[in-house]
Colleague: 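Handing you this structure, nothing more for now.
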There are 2 protein chains.
Amino acid sequence: MNIGQAARASGVSAKMIRHYETIGLIVKAARSLSGYRHYQARDVHTLRFIRRARMAGFSTVQIKKLLSLWQDRQPAREVKQLAAEHLIDLQARITELESIAQALTQLIEHCHGGERPECPILDNLAGDEPAR
Amino acid sequence: MNIGQAARASGVSAKMIRHYETIGLIVKAARSLSGYRHYQARDVHTLRFIRRARMAGFSTVQIKKLLSLWQDRQPAREVKQLAAEHLIDLQARITELESIAQALTQLIEHCHGGERPECPILDNLAGDEPAR
DNA sequence: ACTTGACCTTCCAACGATGGCAAGGTTCAG
DNA sequence: CTGAACCTTGCCATCGTTGGAAGGTCAAGT
């Protein structure tokens, strides 16, 4: 299977497959005589794993660990730990975004939105307190 | 006022002040004979505006618009519109992160976390459904 | 055989916002 | 005059992903 087929089968773009290879996230693919990479079903499986982990917001570093935990059948403890750390990260980001959204909502509510220029949103950005 | 003073006064690093200048977010600073940039109080004010807008999660492109709305005293309508669009963005990001976090929470709950390798988190990434 | 189009290769660059470092010039106080 | 603190430009790195350019390969149609 060439890289294009592997890409379609896994949902990871050929571009990214090559990239993952260069950063060492996946092992170097076998090559044909003419230099084409070729892939097996298990490589596609791995790529799909990576794609799903990316969708879950794991960083490539984390995915690297997850992959080794997966492929070496390490104790679930470690996986759980990693996932829990990531979850804490996610929650922190959510909380931060929420407080920004909350402040912005307030400001928008208080803006008349008409043709006059005065606007609490701008006033807030310009002046008193940061929009947090 | 030199760039360092402007940086301290505005909370924007000197690095970023130069960067904002190169990308055209702020106008080119006046220079001394020896090439030092120098700033007025109103520049600091502008920088503070930018810093607050960044903290509120606006992109530089959006900030560029906000700045011109602010400085040209355009109708509040336009500001409100821009802020509302940004808010929708924020909310979409929050929603997405929340659904990821929710799925991950589920998976973590179902993981025994012990020394055996089998783990629903890995199973999920490897197999059936994406972690959304 | 030959052309064509789809595919593959590598390398280089960009996004957005920021930090860091290096090599060199300037300013000011001691 | 020297040293510290400041400034200048420029390049590199992050992180994940995408795009392009220039060129080689393959398979199908003529």
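Every heavy atom of this structure was used, including side-chain atoms; hydrogens, water molecules and symmetry mates were not. Letters A, B, ... mirror the listed sequences (proteins, then strands); counts begin at 1.
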Colleague: Measure the NE2-SG distance between B/His112 and B/Cys119 for me, rounded to the nearest 0.5 Å.
Modeller: 7.0 Å
Colleague: Rounded to the nearest 0.5 Å, how far apart are CG of A/Leu69 and NZ of A/Lys65?
Modeller: 9.0 Å
Colleague: Same hydrophobic cluster for B/Ile23 and B/Ile17, using side-chain heavy-atom links shorter than 4.5 Å among ILVMFWY?
Modeller: yes
Colleague: Do the side chains of B/Leu122 and A/Phe49 get nearer than 4.5 Å, heavy atoms only?
Modeller: yes
Colleague: When rounded to the nearest 0.5 angstrom, what is the spacing between CG in B/Leu107 and CG in B/Asn124?
Modeller: 4.5 Å
Colleague: Any chance you could list the contact pattern along nucleotides 16-26 of chain C? Use B for base contacts, S for sugar-phosphate-only contacts and - for none, protein heavy atoms under 4.0 Å, 5' to 3'.
Modeller: -SBBBB---BB
Colleague: Side chains of B/Gln102 and B/Glu98: is there a donor and an acceptor less than 3.5 Å apart?
Modeller: no
Colleague: Does a side-chain N or O from A/Arg37 land closer than 4.0 Å to OP1 or OP2 of C/dT10, or not?
Modeller: yes
Colleague: So A/Arg37 and A/Arg18, do their side chains get closer than 4.5 Å, heavy atoms only?
Modeller: yes
Colleague: In terms of ring plane angle, is the pair A/His86 and A/Phe58 parallel, tilted or perpendicular, where the classes change at 30° and 60°?
Modeller: tilted
Colleague: So, for A/Ala101 and B/Ile94, which heavy atoms are closest and what is the spacing to 0.1 Å?
Modeller: CB-CD1, 4.0 Å
Colleague: Between the axis at one end of the helix from C/dA1-D/dT30 to C/dG30-D/dC1 and the axis at the other (five pairs apiece), what's the angle to 10 degrees?
Modeller: 30°
Colleague: Whole Å only: how far is the CZ atom of A/Arg18 from the P atom of C/dC12?
Modeller: 16 Å
Colleague: Hey, where on DNA chain D does chain B first and last touch, going 5' to 3'? Cut-off is any atom under 4.0 Å from a heavy atom.
Modeller: D/dC6 to D/dG10
Colleague: Between B/Ile50 and B/Tyr20, is there a side-chain heavy-atom distance shorter than 4.5 Å?
Modeller: yes
